[in-house]
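Data first, discussion second: the structure below is written as structure tokens.
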Amino acid sequence: MTKNTLVVVSIEEYPELTLEEICRACHVPADFIQDIVDFGIIEPRGTSVETWRFDAEHLRRVRTVVHLHHDLEVNLAGAALVLDLLDELQRMRARLEVFEKK
């Protein structure tokens, strides 16, 4: 029988995550994160894989990619496009909110 473990990561407790920590939090192998970085979906701080650091926004984006990839079978190029469109939607909503307040 397989034993499942729930990993809870509080970004307030750990404002920056290592590659190993983000992999654990998202239940993905390091090569999946490397693929996400290669696609330009996230840009970690650090000059090498060993020194990469990820913040709350990276964690949110990786979790979204994992959902799109595993649950909806969207490839990484498609996931990158979805994230770009979601970011644009968020920017447009913020601009609309400013105009509605005037």
Side-chain angles (χ1 to χ4, degrees):
M1 181 171 7
T2 304
K3 192 175 190 181
N4 292 329
T5 304
L6 176 63
V7 177
V8 178
V9 174
S10 169
I11 203 66
E12 291 82 25
E13 253 182 82
Y14 303 99
E16 286 194 332
L17 301 172
T18 64
L19 177 60
E20 181 180 336
E21 290 167 335
I22 201 165
C23 288
R24 243 191 341 247
C26 297
H27 306 286
V28 295
D31 61 337
F32 187 79
I33 299 295
Q34 289 173 332
D35 289 343
I36 291 172
V37 170
D38 291 343
F39 265 88
I41 295 172
I42 58 173
E43 295 179 14
R45 283 182 285 289
T47 56
S48 67
V49 174
E50 295 79 21
T51 62
W52 279 353
R53 295 296 176 266
F54 304 89
D55 61 21
E57 180 62 15
H58 294 128
L59 181 62
R60 182 193 67 79
R61 290 177 74 84
V62 171
R63 286 182 170 163
T64 301
V65 170
V66 169
H67 167 66
L68 291 168
H69 187 68
H70 290 285
D71 299 340
L72 303 176
E73 298 182 8
V74 174
N75 64 20
L76 291 182
L81 177 61
V82 168
L83 284 169
D84 287 346
L85 292 172
L86 289 172
D87 290 345
E88 181 65 24
L89 180 61
Q90 184 178 6
R91 284 190 296 274
M92 293 179 83
R93 283 181 175 164
R95 290 180 65 191
L96 181 60
E97 189 176 312
V98 169
F99 286 115
E100 287 178 341
K101 288 183 180 181
K102 289 185 177 185

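Position 1 is the first residue of the sequence, and the numbers go up from there.
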Quiz item: Any donor-acceptor pair under 3.5 Å linking the side chain of His69 with the backbone of Asn75?
Solution: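 Absent.
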Self-check item: Cluster check Leu83, Leu89: I/L/V/M/F/W/Y, side chain < 4.5 angstrom
Solution: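 Unlinked, Leu83 and Leu89 end up in two clusters.
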Practice problem: Report yes or no: do Val49 and Ile36 belong to one cluster of Ile/Leu/Val/Met/Phe/Trp/Tyr joined by side chain heavy-atom distances under 4.5 Å? | Solution: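 Result: yes, single cluster for both.
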Just jot down the salt bridge (charged side-chain N to carboxylate O under 4.0 Å, His left out) partners of [X], sequence neighbours excluded, or say none.
X	value
Glu57	Arg60
Glu97	Lys101
Glu88	Arg91

Heavy-atom distance under 4.5 Å between the side chains of [X] and [Y], does that happen here?
X	Y	result
Leu96	Met92	no
Val37	Trp52	yes
Arg61	Asp87	yes

How far apart are the closest heavy atoms of [X] and [Y], and which atoms are they?
X	Y	value
Ala30	Leu19	CB-CD2, 3.9 Å
Ile41	Ala80	CG1-CB, 3.6 Å
Glu43	His58	O-NE2, 3.2 Å
Cys26	Leu59	SG-CD1, 3.6 Å

Self-check item: Donor-acceptor pair between Glu50 and Ser48 side chains, under 3.5 angstrom
Solution: yes
Nearest 0.5 Å please: distance from the [atom1] atom of [X] over to the [atom2] atom of [Y].
X	Y	atom1	atom2	value
Ile22	Arg63	CD1	CZ	8.5 Å
Leu81	Phe39	CG	CZ	12.0 Å
Leu86	Thr64	CG	OG1	7.0 Å

Quiz item: Would one find more than 12 heavy atoms of other residues, nucleotides or ligands at under 6.0 Å from atom CD of Gln34?
Solution: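 Yes, CD of Gln34 has more than 12 neighbouring heavy atoms, counting only those of other groups under 6.0 Å.
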Self-check item: Steps toward side chain to side chain contact (heavy atoms under 4.5 Å, CB included) verdict (Arg24, Leu17)
Solution: CA-CA 10 Å; Arg24 243 191 341 247; Leu17 301 172; over 6 Å; no
